[in-house]
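Single-structure report; data block below.
Just so we're on the same page: letters track the sequence lines, and every chain starts at 1. Quick caveat: nothing in here was measured; it's all calculated off a predicted structure.
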Amino acid sequence: MSTERSVRITFFFKHLEGFLYRHLECRLNEALHAFLQSTYGLDFPNLVIEQPPKVEFGEYALPIAFELARKLRKAPRKIAEEIIAGIGTVPGFEKFEVAGAGYINVRVNRAQVAIELVADHEPAEKVPAGKVLVEHSSINPNKAAHVGHLRNAILGDTFVRLLRFAGREVDIQNYIDNTGVQVADVVVGFLHIEKKTRAEIEVLAAAPRFDFYCWDLYARASQWYEQDKQNLQKRLATLHAIEEGNNETAAIADLISIAVLRRHLETMDRLDIEYDFLPRESEILHLHFWDAAFTKLKEAGVLTYETEGKNKGCWVMRRAGTSNTSNTEDAGDQEEGKITEEDQKVIVRSNGTVGYVGKDIAYHMWKFGLLGRDFGYRKFYRYPNGRDCWISSTQGEKNHPHFGDVAEIYNVIDARQAEAQNTVIEALRGLGHSEAADRYTHFSYEMVALTPRCAAELGYELSEEDKARPWIEVSGRKGFGVKADDLMDALIASARTEVDSRHPELEDAERAAIAEKIAIGALRFFMLKYTKPSVIAFDFKDALSFEGETGPYVQYAVVRATNIFRKGGFNPDSFCRDRIGIASSDGDGARAVSTESSGNAADFGRYFEGLDGSEIWELWLSAAKTSYIVAQCIATTEPAYIAKHAFQMAQLFNTFYHRHPILAEADEGRKRFLLTTAAVVRRELIRVLNMMGSSVPTAM
RNA sequence: GGGCCCGUAGCUCAAACGGAUAGAGCAUUGGAUUUCUAAUCCAAGGGUUGCAGGUUCGAUUCCUGCCGGGCCUACCA
């Protein structure tokens, strides 16, 4: 395990460039991998690299020696020593040391990381080929969006931003189910309960917050069905008329769904959430996507025709998650591929109509470019920034962007639909598109429910049983829930009260703008701080909080950093460039930035020494982790990590801010170092907030 | 009945791949230099990680069983 070998190993590093946390981790991984391979002939496909519990232990920790102890029949400490002796030097690392019973703690070259950060130099990544499609929101266009939809849209939009940060090209789609029962119910409400004419509905649809009107009407329609079961016939007739198209009822349904859809886009635009394309179920129907899919599904034997039992006359497929590996003894008795009734999912009903899973299969074949058909496209909505959002249409415009035909898809859909999603995946697999199925991710998350207390606040009467529940599910049918716009209004009003009392000197418009940024920042952070499998039991008290682990806490850290530069007469955005600017042209910052003047990046090493230095280093380290966290978020489809990261960095910054009065610092070199620290952290915080879809107010 | 998810401090949540003393926020209590500083900072108390086994050098994490809760399980979408 000579150094010669180490040098040779070094030669094969794929990630020679980069000194940020993520690059160093990759390089450490490769160095270790190569060493274990060449020395012990062992291959570890996924080596564990941890983060030590405390920064004093270093930046990385390797528990590998414990794992090797058994295989090599040696003490872990001994193995750890061997590895350290054999691995030699790795660029960017300063020291490997044995700790505890056999950990290898790894220290990085702090100054080198700092130089990289100051230069804001992120080496070009090898980005996987192909486009990514993220589908999110997908709100039924029959009533106002509520808190549950906010969670969906915020998760989806943040994931899009994370992917784009990682260099991926992303299409954002919002699937619109405009021909289903939910829309039919509102149509029934207008035509049969309120007995409105088309002209009257048109007037209502043009009024502000038409979706709120529909919210109530939808709940009334549900009640109306319960009053008299005969009324359900109206629903059925309406549904048929809508699916059929080309009639007055369908036209009214279209006008309603379009108006509500516009409201949804406006609501989401308040959160800076945009879409590229809105595929609608009506086009999946009218452009006969299903026919094309049906033929292929039959040919591939994915669908089977039932000739008896409760699903007689239906085309069914195996429900995902049910086992088709029947006991071998039984196999002889049963026909090949026979699915028990319980495990059957009806795709085509006995009356020949297709259910939503079938339509979803066709839609997903289209997404991967496997259907052989395409939508028509027309422009639908223009965002304030000038970008267009397109919608599906039977007859489209000639020139339109190319949608679909993507390499990977992520569907942001709540956990209740896991089985349906998995059934679509299995259908793709059954069609022989395993590689597509493997790149199909159901981005599953749990619902937003309301705490019993919150429900009571909203004026709902609760049974004793309900009061004892941890949460109560939102129900559109009952009109039970918190509307997205109402929540945003409440947040803005609450933030506004605070801003008014803190900054009476500011103009009204500026105070309004500040309150809005705080409100949106709070909301987005709130929806992101919970991990996906956690049900959010919504409560106004938690959501309206602007202190502690919240979005405004992070925004405030940035405002504080900005204040330092303003008071000091510096430009925070160009501060780092001005420090390092001239020197980094030959690509190697470490050498190029010499120690010609104190306060240069290369000088930073000494400021990281000692206890005080280590504390500041922890802040730099956090700032260096952004791309690492992003990669982790994408790999685990978990945006919560980015919120956690933002909070932790802000927390470290606030401590730093409190401990070091920067502008009062007498030592010029040290002052510049502290300013650079603030500039770098500020930049990273803004970057991370942008990924979470929020921006920073001018004052707080 | 079957499938999926959850159970961690008084409350709300973290702890990717099994790893070092299980961490935050809120709430409670006590403190913070007229400063770039209070939407902030520091400190204290608070834990048998639902229960019982198993695997492992090591389990909040993996396996089995039980207890408690949620969701899915329509010729609805």
Side-chain angles (χ1 to χ4, degrees), chain A residues 46-50 52-54 57 61 63 66-67 69-70 76 99-103 105 140 177 179-183 239 281 306 310-316 319-323 342-343 345-353 355-357 359-360 414-420 422 444 446-447 449 451 469-471 473 495 498-499 502 518 522 529-531 533-537 539 541-542 545-550 552-553 555-557 559-568 632-633 635-636 638 640-641 644 647-648 651 654-655 657-664 674-675 678 700:
Chain A
N46 25 359
L47 258 165
V48 176
I49 299 181
E50 294 173 356
K54 286 184 174 173
F57 296 159
F66 297 111
E67 201 167 331
R70 162 167 292 201
Y103 274 97
N105 286 340
N140 280 317
D177 176 9
T179 55
V181 220
Q182 303 223 25
V183 171
L239 189 59
E281 189 169 81
E306 286 302 301
K310 73 168 181 161
N311 295 329
K312 184 176 176 186
C314 299
W315 287 89
V316 304
R319 190 188 296 285
T322 62
S323 111
E342 217 176 35
D343 293 348
K345 175 76 199 166
V346 171
I347 303 299
V348 181
R349 302 178 192 115
S350 55
N351 67 3
T353 58
Y356 89 107
V357 174
K359 286 177 246 180
D360 227 22
D414 78 64
R416 287 172 289 199
Q417 296 203 46
E419 192 181 280
N422 289 331
S444 169
E446 266 295 348
M447 62 183 171
T451 61
R469 289 178 191 276
W471 61 72
E473 205 172 334
E498 291 292 322
V499 177
R502 284 160 209 259
I518 291 171
K529 72 192 250 188
Y530 300 91
T531 52
S534 171
V535 173
I536 298 181
D539 197 310
K541 181 176 75 71
D542 301 328
S545 168
F546 298 148
E547 289 169 19
E549 194 173 348
T550 66
Y553 178 98
Q555 292 171 319
Y556 186 56
V559 169
R560 287 178 130 185
T562 309
N563 285 344
I564 301 171
F565 289 93
R566 204 189 51 227
K567 285 262 168 79
Q632 192 180 333
C633 287
T636 58
E638 181 51 271
Y641 299 133
K644 189 61 88 182
F647 175 65
Q648 277 167 355
Q651 208 174 25
N654 274 328
T655 306
Y657 181 85
H658 186 257
R659 268 189 211 162
H660 305 281
I662 297 177
L663 295 177
L674 295 174
L675 277 168
M700 278 182 81

Exercise for the section: Using only side-chain N and O atoms of A/Arg469, determine if any of them is under 4.0 Å from OP1 or OP2 of B/rG70. Expected result: yes

Exercise for the section: Flag the pair A/Arg416 and A/Asp414 as a salt bridge only when some basic side-chain nitrogen lies within less than 4.0 angstrom of an acidic carboxylate oxygen. Expected result: yes

Practice task
On RNA chain B, check which nucleotide each of A/Leu239 and A/Tyr657 is closest to and give me the residue with the more 5' one.
Solution key: A/Tyr657

Exercise for the section: For A/Asp542, report the nucleic acid contact type (base, sugar-phosphate, nothing); a contact means any heavy atom under 4.0 Å. Expected result: nothing

Practice task
Tell me what A/Ala69 touches on the nucleic acid: a base, only sugar-phosphate, or nothing, going by heavy atoms under 4.0 Å.
Solution key: nothing

Exercise for the section: Ignoring hydrogens and angles, tell me if any N or O in the side chain of A/Thr353 forms a donor-acceptor pair with the backbone of A/Arg349 under 3.5 Å. Expected result: no

Handout entry: Under-4.0 Å side-chain N/O to phosphate OP1/OP2 contact, A/Arg502 with B/rU40
Key = no

Could I get a table of every N or O pair under 3.5 Å where one atom is in the protein and the other is in nucleotides 42-46 of chain B?
{"residue": "B/rC42", "atom": "OP1", "partner": "A/Thr655", "partner atom": "OG1", "Å": "3.4"}

Problem - Closest-nucleotide ordering on RNA chain B, the 5'-leading residue of A/Arg416 and A/Val348 - result: A/Arg416

Exercise for the section: Assign A/Gly355 to base, sugar-phosphate, or nothing according to its heavy-atom contacts below 4.0 angstrom with the strands shown. Expected result: sugar-phosphate

Exercise for the section: Measure the distance between the ring centre of A/Phe57 and the centre of the six-membered base ring of B/rA20, then answer whether it is under 5.5 Å with planes under 30°. Expected result: yes

Close N or O pairs between protein and nucleotides 1-6 of chain B (under 3.5 Å):
none

Problem - Watson-Crick and G-U pairing of RNA chain B written in dot-bracket, each distance under 3.5 angstrom, with | for inter-strand partners - result: (((((((..((((.....[...)))).(((((.......))))).....(((((..]....))))))))))))....

Exercise for the section: To the nearest Å, give me how far apart CD (A/Gln417) and P (B/rG70) are. Expected result: 21 Å

Exercise for the section: Using the P atoms only, state how far B/rC17 lies from B/rA39, rounded to an integer number of Å. Expected result: 38 Å

Practice task
Examine the base of B/rA39 for any acceptor or donor lying under 3.5 Å from a partner atom in the side chain of A/Tyr556, and report the outcome as yes or no.
Solution key: no

Exercise for the section: Measure distances between side-chain N and O atoms of A/Asn654 and base N and O atoms of B/rA39, and say whether any donor-acceptor pair falls under 3.5 Å. Expected result: no

Handout entry: Reported CG-to-CD1 distance for the pair A/Leu674 and A/Ile564, which is rounded to 0.5 angstrom
Key = 9.0 Å

Problem - Integer-rounded Å distance: B/rA16 C1' and A/Lys644 NZ - result: 14 Å

Problem - Among A/Val499, A/Asn563, A/Val559, side-chain contact (heavy atoms from CB on, under 4.5 Å) partner for A/Met700 - result: A/Val559

Handout entry: B/rG23 to B/rA14 separation - C1' atoms, rounded to the nearest Å
Key = 7 Å

Practice task
Kindly write out the residues that satisfy salt bridge (Lys or Arg N to Asp or Glu O under 4.0 Å) with A/Lys345, not counting sequence neighbours, or none if the list is empty.
Solution key: none

Practice task
Answer with base, sugar-phosphate or nothing: what part of the nucleic acid does A/Asn422 contact at a heavy-atom distance below 4.0 Å?
Solution key: nothing

Handout entry: B/rG1 and B/rC62, which share atom name P, separated by this distance in whole Å
Key = 24 Å

Problem - Phosphate OP1/OP2 of B/rC75 contacted by A/Asn351 side-chain N/O (<4.0 Å) - result: no

Problem - Salt-bridge contact A/Glu549-A/Lys529 (side-chain N to carboxylate O under 4.0 Å) - result: no

Exercise for the section: Tell me whether the OP1 or OP2 atom of B/rA14 has a side-chain N or O from A/Gln648 closer than 4.0 Å. Expected result: no

Handout entry: Results of ring-ring contact (aromatic ring centres under 6.0 Å, His included) for A/Tyr556 - residues two or more places apart only
Key = none

Fill in the blank from the handout: Of the candidates B/rA39, B/rG70, B/rC75, the side chain of A/Val346 sits closest to B/rC75

Give me the distances for all protein-to-nucleotides 60-62 of chain B N/O pairs that come in under 3.5 Å?
none

Problem - Residue A/Ala99, side-chain atoms from C-beta onward, closest of B/rA20, B/rC26, B/rU56 - result: B/rA20

Practice task
Indicate, with a heavy-atom threshold strictly under 4.0 Å, whether A/Tyr641 touches base, sugar-phosphate, or nothing.
Solution key: sugar-phosphate

Exercise for the section: Quick one: label A/Val499 by what it contacts on the DNA or RNA (base, sugar-phosphate, nothing), any heavy atom closer than 4.0 Å. Expected result: base

Practice task
Would you mind classifying the nucleic acid contact of A/Glu50 as base, sugar-phosphate or nothing, using non-hydrogen atoms under 4.0 angstrom?
Solution key: base

Exercise for the section: Could you tell me whether A/Gln182 contacts a base, only the sugar-phosphate backbone, or nothing, with contacts defined as non-hydrogen atoms closer than 4.0 Å? Expected result: nothing

Exercise for the section: Between B/rA32 and B/rA59, how far apart are the P atoms? Round to whole Å, please. Expected result: 45 Å

